[in-house]
Number of protein chains: 2
Amino acid sequence: MKSDLDAIFSALADPTRRAILTMLLEDDMAVTDVAEPFEISLAAISKHLSILTRAGLISQEKRGRVKWCRLEPEAMREASVWMQGFGQFDPVDLDHFERFLERELGG
Amino acid sequence: MKSDLDAIFSALADPTRRAILTMLLEDDMAVTDVAEPFEISLAAISKHLSILTRAGLISQEKRGRVKWCRLEPEAMREASVWMQGFGQFDPVDLDHFERFLERELGG
DNA sequence: CGGATCGTCAACCATGTGGTTGAACATGCG
DNA sequence: CGCATGTTCAACCACATGGTTGACGATCCG
């Protein structure tokens with residue numbers, strides 16, 4: 001009995017994958033463009049993307065020879081609700097969020 | 001540059017550990033009592049608890065020969081805020097939460 | 001067609017994780 | 001003291017993960 005939460009939380013546990021999701025907040029991207037800022041191989045990025053896809057956090061669609069990646073934020077809902085059950089955290093404190101983004105990306 | 005989010009999300013990625021956190025919502029518990037409902041060894045539970053402690057999700061305090069475990073829900077705040085930045089999810093929908101709990105525990 | 005670009009696959013390696021068992025340590029109790 | 005209880009440690013095992021490289025399939029373009 002394996003919960004979706006397993007896949008979602010373990011997908012989110014990797015900083016490269018979180019950074020990819022953050023990039024996809026801006027816009028859909030091709031696999032090659034997703035890989036560009038990272039120093040690891042394209043194959044490694046491809047694996048990360050398939051883990052994110054299995055978790056439902058992104059979707060991928062091939063158009064021509066380019067495969068486009070799109071963020072699927074709804075997939076985070078279940079996990080987000082689970083976490084909120086523990087803390088009654090401030091909903092959507094975007095100031096906080098931006099600071100965390102900076103720490104993640106600029107670190 | 002390893003974020004706290006790494007530790008928190010990967011701690012949450014294991015169903016045994018999520019179940020432990022859920023149990024601790026009720027009340028603080030001794031290690032032996034935490035272990036009781038699971039079919040794995042006490043040593044395995046002890047490892048899970050130290051992972052949760054490293055992530056800051058629980059604290060442990062030894063009183064006598066008994067080590068008490070307490071939920072530290074504030075540790076989830078950073079991760080929760082991070083996730084909410086992606087979705088603007090309903091804050092604290094407790095009905096949802098209880099259904100997810102049932103699915104997790106009763107599964 | 002032929003070459004360049006986009007992306008995945010397969011094999012491999014190092015490391016981490018979740019589990020086990022058995023020994024050890026620490027503390028409370030008769 | 002001596003034994004039972006509570007918890008961790010150490011060694012080990014099987015398997016997953018994140019990375020590599022090289023070959024490959026697919027698509028566009030000249």
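Nucleotides of DNA chain D with any atom under 4.0 Å from a heavy atom of chain A span, from 5' to 3', D:dG18 to D:dC28.
Regarding A:K47, its NZ atom lies at a distance of 11 Å from the P atom of C:dA10, rounded to whole Å. What separates CG of B:L49 from C1' of C:dT17 is a distance of 16 Å, to the nearest Å. When the P atom of C:dT17 is taken as reference, atom CD1 of B:I40 falls 16 Å away, rounded to whole Å. As rounded to whole Å, 16 Å separates atom C1' of C:dG18 from atom CD of B:E39. Whole-Å rounding puts the B:W68 CH2 to C:dA26 P distance at 21 Å. Between the CZ atom of B:F38 and the P atom of C:dG18 there is a distance of 13 Å, rounded to whole Å. Rounded to whole Å, atom P of C:dG18 lies 12 Å from atom CD1 of B:I45.
If you take OG on A:S10 and CG on A:L5, they are separated by 10.5 Å, rounding to the nearest 0.5 Å. Between A:I20 atom CD1 and A:L57 atom CG the span is 11.0 Å, to the nearest 0.5 Å. A distance of 11.0 Å separates CG of A:L24 from CH2 of A:W68, quoted to the nearest 0.5 Å. One finds the CD atom of A:E78 at 5.0 Å from the CG atom of A:D4 (value rounded to the nearest 0.5 Å).
B:R63 comes within contact range of no nucleotide atom at all, as no heavy-atom separation falls under 4.0 Å.
Scanning all heavy atoms of the two residues, the minimum distance from A:V66 to A:A30 falls at CG1-CB, 3.4 Å. Scanning all heavy atoms of the two residues, the minimum distance from B:A79 to B:I8 falls at CB-CG2, 3.9 Å. Minimum interatomic distance between A:P15 and B:D6 (heavy atoms only, all atoms of both residues): CD-OD2, 3.3 Å. A pairwise comparison of heavy atoms in B:F86 and A:L25 identifies CE2-CG, 3.6 Å as the closest pair. Pairing each heavy atom of B:A13 with each of A:F9, the nearest pair is CA-CB, 3.6 Å. Considering all non-hydrogen atoms of both residues, A:D14 and A:T16 come closest at OD1-N, 2.8 Å.
Comparing the start and finish of the helix from C:dC1-D:dG30 to C:dG30-D:dC1, five pairs each, the helix axis swings through 10°, to the nearest 10 degrees.
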Got a list of side-chain donor-acceptor pairs under 3.5 Å for residues 35-49 of chain B, not counting sequence neighbours?
{"from": "B:S41", "atom 1": "OG", "to": "B:A44", "atom 2": "N", "distance (Å)": "3.1"}
{"from": "B:H48", "atom 1": "ND1", "to": "B:R17", "atom 2": "NH1", "distance (Å)": "3.1"}

Could you give the side-chain donor-acceptor pairs of residues 58-65 of chain A under 3.5 Å, partners two or more places apart or in another chain?
{"from": "A:S59", "atom 1": "OG", "to": "A:E72", "atom 2": "OE2", "distance (Å)": "2.8"}
{"from": "A:Q60", "atom 1": "OE1", "to": "A:T53", "atom 2": "OG1", "distance (Å)": "3.0"}
{"from": "A:E61", "atom 1": "OE1", "to": "A:R63", "atom 2": "NH1", "distance (Å)": "3.2"}

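In this structure, B:A43 and A:H48 both approach DNA chain D, and ranking their closest nucleotides by distance from the 5' end singles out B:A43.
With A:R18 contributing its side chain and A:L12 its backbone, the two residues share a donor-acceptor pair below 3.5 Å.
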### Query
Base, backbone or nothing for each nucleotide of nucleotides 1-6 of chain C, written B, S, -, heavy atoms under 4.0 angstrom, 5' to 3'?
---BBS

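Within residues 51-61 of chain B, the residues that place at least one heavy atom under 4.0 Å from DNA chain C are, in residue-number order, B:I51.
Each of A:M83, A:Q84, A:M76 was scored for a side chain to side chain contact (heavy atoms under 4.5 Å, CB included) with B:Q84, with one residue passing: A:Q84.
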